[in-house]
Amino acid sequence: MRIATWNVNSLKARLPRVEEWLGYAQPDVLCMQETKLADAAFPALALSALGYESVSHGDGRWNGVAIASRVGIDEVEVGFGSDADEQGCRVVAATCGGVRVHSVYVPNGRVVGSEHYAAKLAWLKELRVLVERTSASTDLVSVCGDFNVAPEDRDVWDPVALEGSTHVTEPERQALRDLEACGLVDAFRQQYTEGGLFSWWDYRAGNFHKHLGMRIDLILLSKSLADSLTYALIDRNARKGQQPAAHAPVFVDVTL
DNA sequence: ATGGTTGCGAAGCAA
(Lines give C-alpha, C1' and ligand atoms only; values in the text may rest on other atoms or scores of the structure.)
Protein backbone atom coordinates (compact mmCIF):
# COMPACT_ATOMS: atom_id res chain seq x y z
CA MET A 1 0.00 0.00 0.00
CA ARG A 2 1.37 3.37 -1.03
CA ILE A 3 0.40 6.34 1.18
CA ALA A 4 1.26 9.86 0.04
CA THR A 5 0.97 13.43 1.24
CA TRP A 6 1.20 16.67 -0.71
CA ASN A 7 0.58 20.30 0.13
CA VAL A 8 -0.81 21.29 -3.26
CA ASN A 9 -1.25 25.03 -2.55
CA SER A 10 -4.67 25.28 -4.25
CA LEU A 11 -6.10 22.14 -5.76
CA LYS A 12 -7.84 24.33 -8.32
CA ALA A 13 -4.54 25.67 -9.61
CA ARG A 14 -2.77 22.34 -9.14
CA LEU A 15 -5.34 19.84 -10.42
CA PRO A 16 -3.42 19.10 -13.65
CA ARG A 17 -0.26 18.40 -11.67
CA VAL A 18 -2.14 16.25 -9.16
CA GLU A 19 -3.78 14.24 -11.93
CA GLU A 20 -0.42 13.80 -13.60
CA TRP A 21 1.19 12.71 -10.35
CA LEU A 22 -1.56 10.23 -9.48
CA GLY A 23 -1.01 8.77 -12.94
CA TYR A 24 2.67 8.02 -12.56
CA ALA A 25 3.12 7.65 -8.80
CA GLN A 26 0.02 5.47 -8.36
CA PRO A 27 -0.54 6.07 -4.66
CA ASP A 28 -3.34 4.13 -2.99
CA VAL A 29 -4.03 7.05 -0.68
CA LEU A 30 -3.16 10.72 -1.20
CA CYS A 31 -3.52 13.23 1.61
CA MET A 32 -3.67 16.81 0.39
CA GLN A 33 -3.31 20.11 2.20
CA GLU A 34 -4.05 23.71 1.28
CA THR A 35 -6.70 22.68 -1.20
CA LYS A 36 -8.15 26.19 -0.79
CA LEU A 37 -11.50 24.91 -1.95
CA ALA A 38 -14.90 24.73 -0.36
CA ASP A 39 -16.28 21.20 -0.25
CA ALA A 40 -18.82 22.09 -2.95
CA ALA A 41 -16.02 23.09 -5.34
CA PHE A 42 -13.86 20.03 -4.66
CA PRO A 43 -13.02 18.16 -7.90
CA ALA A 44 -14.37 14.81 -6.74
CA LEU A 45 -15.42 13.85 -10.26
CA ALA A 46 -11.94 14.41 -11.72
CA LEU A 47 -10.45 12.22 -9.00
CA SER A 48 -13.18 9.65 -9.45
CA ALA A 49 -12.28 9.40 -13.14
CA LEU A 50 -8.83 8.25 -12.02
CA GLY A 51 -10.29 5.67 -9.66
CA TYR A 52 -10.13 7.62 -6.42
CA GLU A 53 -12.88 8.24 -3.93
CA SER A 54 -12.32 11.39 -1.94
CA VAL A 55 -13.28 13.41 1.06
CA SER A 56 -12.75 17.13 1.45
CA HIS A 57 -12.75 19.40 4.47
CA GLY A 58 -12.53 22.96 3.22
CA ASP A 59 -14.36 26.24 3.46
CA GLY A 60 -12.84 28.16 0.59
CA ARG A 61 -10.10 30.63 0.45
CA TRP A 62 -7.56 29.34 2.96
CA ASN A 63 -6.41 26.00 4.30
CA GLY A 64 -8.48 22.98 3.35
CA VAL A 65 -7.48 19.30 3.62
CA ALA A 66 -8.56 16.23 1.71
CA ILE A 67 -7.97 12.53 1.24
CA ALA A 68 -8.20 10.63 -2.04
CA SER A 69 -8.21 6.84 -1.87
CA ARG A 70 -8.56 3.93 -4.25
CA VAL A 71 -8.76 1.42 -1.39
CA GLY A 72 -11.94 2.72 0.21
CA ILE A 73 -12.65 5.73 2.40
CA ASP A 74 -14.85 5.17 5.43
CA GLU A 75 -15.59 6.53 8.89
CA VAL A 76 -14.76 10.10 7.91
CA GLU A 77 -13.96 12.42 10.79
CA VAL A 78 -13.66 16.14 10.23
CA GLY A 79 -11.84 18.57 12.51
CA PHE A 80 -11.21 18.10 16.21
CA GLY A 81 -14.60 19.08 17.52
CA SER A 82 -12.87 21.59 19.81
CA ASP A 83 -11.85 25.25 19.91
CA ALA A 84 -8.78 24.37 17.86
CA ASP A 85 -11.07 24.09 14.83
CA GLU A 86 -11.30 27.87 14.82
CA GLN A 87 -7.89 27.85 13.18
CA GLY A 88 -9.47 26.62 9.95
CA CYS A 89 -10.10 23.37 8.11
CA ARG A 90 -6.87 21.59 8.93
CA VAL A 91 -7.56 17.95 9.71
CA VAL A 92 -9.60 15.17 8.17
CA ALA A 93 -9.37 11.48 8.98
CA ALA A 94 -10.74 8.39 7.30
CA THR A 95 -10.18 4.66 7.22
CA CYS A 96 -8.62 3.62 3.91
CA GLY A 97 -7.81 -0.02 3.26
CA GLY A 98 -7.82 -0.74 6.97
CA VAL A 99 -5.51 2.14 7.88
CA ARG A 100 -6.69 5.13 9.89
CA VAL A 101 -5.36 7.98 7.75
CA HIS A 102 -5.12 11.62 8.85
CA SER A 103 -4.46 14.51 6.49
CA VAL A 104 -3.19 17.44 8.54
CA TYR A 105 -2.22 21.01 7.82
CA VAL A 106 -0.53 22.37 10.92
CA PRO A 107 -0.83 26.15 11.35
CA ASN A 108 2.21 28.04 10.11
CA GLY A 109 2.70 30.00 13.32
CA ARG A 110 3.97 33.09 11.50
CA VAL A 111 6.17 34.86 14.04
CA VAL A 112 7.65 33.22 17.15
CA GLY A 113 5.98 34.66 20.21
CA SER A 114 2.89 35.79 18.30
CA GLU A 115 -0.62 34.60 19.07
CA HIS A 116 -0.41 32.52 15.90
CA TYR A 117 2.67 30.76 17.22
CA ALA A 118 0.92 29.96 20.50
CA ALA A 119 -2.10 28.73 18.55
CA LYS A 120 0.13 26.47 16.48
CA LEU A 121 1.46 24.79 19.62
CA ALA A 122 -2.08 24.45 20.96
CA TRP A 123 -3.19 22.91 17.67
CA LEU A 124 -0.40 20.34 17.79
CA LYS A 125 -1.45 19.45 21.32
CA GLU A 126 -5.01 18.95 20.12
CA LEU A 127 -3.75 16.71 17.33
CA ARG A 128 -2.02 14.60 19.93
CA VAL A 129 -5.29 14.20 21.81
CA LEU A 130 -6.99 13.03 18.63
CA VAL A 131 -4.23 10.57 17.75
CA GLU A 132 -4.13 9.20 21.29
CA ARG A 133 -7.85 8.57 21.12
CA THR A 134 -7.56 6.91 17.72
CA SER A 135 -4.56 4.82 18.69
CA ALA A 136 -6.54 3.33 21.55
CA SER A 137 -8.81 1.60 19.06
CA THR A 138 -6.50 0.65 16.19
CA ASP A 139 -2.86 -0.28 15.59
CA LEU A 140 -2.81 0.94 12.00
CA VAL A 141 -2.47 4.72 12.16
CA SER A 142 -0.85 7.22 9.81
CA VAL A 143 -0.67 10.98 10.26
CA CYS A 144 0.33 12.66 7.02
CA GLY A 145 0.69 16.27 6.08
CA ASP A 146 2.37 19.62 6.20
CA PHE A 147 3.52 19.90 9.80
CA ASN A 148 5.21 23.27 9.36
CA VAL A 149 7.89 21.93 11.68
CA ALA A 150 11.31 20.70 10.63
CA PRO A 151 11.97 17.88 13.13
CA GLU A 152 15.74 18.36 13.42
CA ASP A 153 18.55 20.60 12.25
CA ARG A 154 19.44 18.16 9.47
CA ASP A 155 15.98 18.89 8.02
CA VAL A 156 16.78 22.51 7.14
CA TRP A 157 19.33 24.08 4.82
CA ASP A 158 20.92 26.27 7.47
CA PRO A 159 19.95 25.96 11.14
CA VAL A 160 22.04 28.99 12.07
CA ALA A 161 20.30 31.27 9.58
CA LEU A 162 16.92 30.03 10.77
CA GLU A 163 17.54 30.19 14.49
CA GLY A 164 14.66 31.82 16.32
CA SER A 165 12.21 31.57 13.45
CA THR A 166 9.20 29.30 13.22
CA HIS A 167 9.46 25.69 12.07
CA VAL A 168 12.70 25.07 13.96
CA THR A 169 12.10 26.23 17.54
CA GLU A 170 12.38 23.81 20.41
CA PRO A 171 8.73 24.10 21.54
CA GLU A 172 7.54 23.20 18.03
CA ARG A 173 9.93 20.27 17.81
CA GLN A 174 8.93 19.14 21.29
CA ALA A 175 5.26 19.27 20.30
CA LEU A 176 6.09 17.04 17.34
CA ARG A 177 8.00 14.63 19.56
CA ASP A 178 5.07 14.61 21.98
CA LEU A 179 2.83 13.60 19.08
CA GLU A 180 5.24 10.86 18.05
CA ALA A 181 5.20 9.64 21.65
CA CYS A 182 1.71 8.32 20.87
CA GLY A 183 3.59 5.53 19.12
CA LEU A 184 4.36 7.11 15.75
CA VAL A 185 7.59 7.22 13.81
CA ASP A 186 8.76 9.56 11.06
CA ALA A 187 8.75 7.02 8.22
CA PHE A 188 11.16 8.94 6.01
CA ARG A 189 13.84 8.73 8.68
CA GLN A 190 13.54 4.93 8.76
CA GLN A 191 14.94 5.00 5.23
CA TYR A 192 17.29 8.00 5.13
CA THR A 193 19.62 9.54 7.70
CA GLU A 194 21.38 12.24 5.71
CA GLY A 195 20.58 15.94 5.81
CA GLY A 196 19.71 18.15 2.87
CA LEU A 197 16.60 16.18 1.91
CA PHE A 198 13.75 18.66 1.76
CA SER A 199 10.05 18.65 0.91
CA TRP A 200 9.43 22.41 0.72
CA TRP A 201 11.23 25.28 -0.92
CA ASP A 202 10.08 28.88 -0.89
CA TYR A 203 8.92 30.03 -4.31
CA ARG A 204 11.05 33.13 -3.99
CA ALA A 205 14.59 33.84 -5.05
CA GLY A 206 15.13 30.52 -6.79
CA ASN A 207 15.36 28.69 -3.49
CA PHE A 208 14.54 25.33 -5.04
CA HIS A 209 17.47 25.50 -7.40
CA LYS A 210 19.74 26.68 -4.59
CA HIS A 211 18.65 23.75 -2.42
CA LEU A 212 17.39 26.11 0.27
CA GLY A 213 14.52 24.09 1.69
CA MET A 214 13.13 22.28 4.69
CA ARG A 215 11.63 18.87 5.33
CA ILE A 216 8.31 19.75 6.90
CA ASP A 217 5.98 17.33 5.08
CA LEU A 218 5.91 14.15 7.10
CA ILE A 219 4.30 10.74 7.17
CA LEU A 220 4.07 9.44 10.71
CA LEU A 221 3.30 5.75 11.04
CA SER A 222 2.28 3.65 13.99
CA LYS A 223 4.74 0.92 14.89
CA SER A 224 2.68 -1.81 13.26
CA LEU A 225 2.75 0.07 9.99
CA ALA A 226 6.35 1.22 10.27
CA ASP A 227 7.43 -2.39 10.76
CA SER A 228 6.16 -3.14 7.27
CA LEU A 229 7.73 -0.08 5.64
CA THR A 230 9.60 -0.97 2.45
CA TYR A 231 10.20 2.38 0.78
CA ALA A 232 9.89 6.12 1.24
CA LEU A 233 10.51 9.00 -1.13
CA ILE A 234 10.21 12.74 -1.51
CA ASP A 235 9.35 13.14 -5.18
CA ARG A 236 11.55 16.13 -5.85
CA ASN A 237 10.86 15.95 -9.57
CA ALA A 238 7.27 16.98 -8.91
CA ARG A 239 8.61 20.34 -7.65
CA LYS A 240 9.94 21.06 -11.16
CA GLY A 241 8.24 22.02 -14.40
CA GLN A 242 5.10 24.03 -15.08
CA GLN A 243 3.27 25.58 -12.13
CA PRO A 244 4.70 23.40 -9.39
CA ALA A 245 3.45 23.56 -5.82
CA ALA A 246 5.98 24.91 -3.33
CA HIS A 247 5.97 21.44 -1.73
CA ALA A 248 6.96 18.11 -3.21
CA PRO A 249 4.80 15.04 -2.62
CA VAL A 250 6.08 12.49 -0.12
CA PHE A 251 5.09 8.84 -0.05
CA VAL A 252 5.73 5.58 1.75
CA ASP A 253 5.15 1.96 0.84
CA VAL A 254 3.97 -0.50 3.45
CA THR A 255 3.30 -4.18 2.84
CA LEU A 256 -0.30 -4.30 3.90
C1' DA B 1 18.25 35.34 3.06
C1' DT B 2 16.11 40.68 5.52
C1' DG B 3 14.50 39.94 -0.71
C1' DG B 4 11.80 37.44 -3.20
C1' DT B 5 6.97 34.36 -5.64
C1' DT B 6 2.58 32.33 -5.75
C1' DG B 7 -2.71 32.02 -5.13
C1' DC B 8 -6.84 34.19 -4.33
C1' DG B 9 -9.45 37.74 -5.92
C1' DA B 10 -9.44 42.07 -7.45
C1' DA B 11 -6.17 45.09 -2.62
C1' DG B 12 -3.72 42.97 0.41
C1' DC B 13 -3.05 38.88 3.05
C1' DA B 14 -0.97 34.42 3.90
C1' DA B 15 2.60 31.43 3.09
Side-chain angles (χ1 to χ4, degrees), chain A residues 5-21 31-43 46 56-66 84-91 103-124 127 144-151 153-169 172 175-176 195-196 198-218 234 236-250:
Chain A
T5 185
W6 195 2
N7 179 326
V8 297
N9 185 24
S10 170
L11 185 54
K12 184 180 171 187
R14 215 68 59 206
L15 185 58
R17 295 295 304 251
V18 171
E19 291 174 319
E20 174 194 34
W21 194 77
C31 296
M32 289 171 276
Q33 301 85 37
E34 282 204 88
T35 56
K36 297 187 176 182
L37 288 173
D39 294 342
F42 190 83
S56 160
H57 177 43
D59 58 9
R61 189 169 175 188
W62 308 113
N63 312 310
V65 287
D85 289 333
E86 288 167 21
Q87 294 192 62
C89 300
R90 295 178 176 277
V91 57
S103 179
V104 305
Y105 178 44
V106 177
N108 175 286
R110 303 191 198 177
V111 177
V112 176
S114 68
E115 59 179 310
H116 298 281
Y117 178 76
K120 176 182 193 174
L121 296 176
W123 196 94
L124 281 164
L127 180 60
C144 316
D146 177 358
F147 283 77
N148 272 316
V149 179
D153 280 353
R154 61 181 165 168
D155 297 311
V156 302
W157 80 91
D158 185 351
V160 175
L162 290 167
E163 191 154 7
S165 57
T166 53
H167 299 60
V168 301
T169 67
E172 290 165 277
L176 182 59
F198 307 134
S199 67
W200 170 83
W201 303 259
D202 198 302
Y203 278 125
R204 296 169 285 189
N207 275 12
F208 177 70
H209 302 286
K210 297 178 193 167
H211 306 290
L212 304 179
M214 298 189 198
R215 191 176 69 90
I216 55 177
D217 299 274
L218 311 176
I234 300 172
R236 202 174 172 282
N237 284 330
R239 180 62 173 74
K240 305 174 182 173
Q242 296 258 312
Q243 292 189 292
H247 298 249
V250 182

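So you know, we letter chains A, B, ... as the sequences are listed, proteins then strands, and number each from 1.
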Non-hydrogen side-chain atoms of A/Tyr117 and A/Arg110 separated by less than 4.5 Å: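 The answer is no, as the side chains (C-beta and beyond) never meet within the 4.5 Å cut-off.
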
Scan residues 199-214 of chain A for pairs that pass salt bridge (Lys or Arg N to Asp or Glu O under 4.0 Å), counting only residues two or more places apart or in two chains.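 Counting only pairs at least two positions apart or across chains, the salt bridge (Lys or Arg N to Asp or Glu O under 4.0 Å) contacts touching residues 199-214 of chain A are A/Asp202-A/Arg204.
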
Residue pairs passing the salt bridge (Lys or Arg N to Asp or Glu O under 4.0 Å) test where at least one lies in residues 114-123 of chain A, sequence neighbours excluded: A/Lys120-A/Glu172

With nearest nucleotide decided by heavy atoms, which residue, A/Arg204 or A/His116, maps closer to the 5′ end of DNA chain B?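 Closest to the 5' end, via its nearest nucleotide, is A/Arg204.
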
Comparing A/Arg110 and A/Leu11 on DNA chain B - which has the more 5′ nearest nucleotide: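 Going by which nucleotide is closer to the 5' end, it is A/Leu11.
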
Could you work out the separation of [N] and [M] based on their [atom1] atoms and round it to a whole Å?
{"N": "B/dG4", "M": "B/dA15", "atom1": "C1'", "result": "13 Å"}
{"N": "B/dA14", "M": "B/dG9", "atom1": "P", "result": "14 Å"}
{"N": "B/dG3", "M": "B/dG7", "atom1": "P", "result": "24 Å"}

Answer with base, sugar-phosphate or nothing: what part of the nucleic acid does A/Asn207 contact at a heavy-atom distance below 4.0 Å? base

Contact class for A/Phe208 vs. all strands (heavy atom < 4.0 Å): base, sugar-phosphate, or nothing?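 A/Phe208: no heavy atom of the nucleic acid under 4.0 Å.
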
Anything under 4.0 Å to a heavy atom of chain A counts; send over the first and last such nucleotide of DNA chain B, read 5' to 3'.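 With heavy atoms of chain A under 4.0 Å away, the range is B/dA1 to B/dA15.
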
Run the side-chain contact (heavy atoms from CB on, under 4.5 Å) test against A/Asn237 and tell me which residues pass, sequence neighbours left out. A/Asp235, A/Lys240

Residues forming a side-chain contact (heavy atoms from CB on, under 4.5 Å) with A/Ala84, sequence neighbours excluded: A/Phe80, A/Ser82, A/Trp123, A/Glu126

Partner residues of A/Asp153 under the salt bridge (charged side-chain N to carboxylate O under 4.0 Å, His left out) criterion, sequence neighbours left out: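 In terms of salt bridge (charged side-chain N to carboxylate O under 4.0 Å, His left out), with neighbours along the sequence ignored, A/Asp153 is linked to A/Arg173.
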
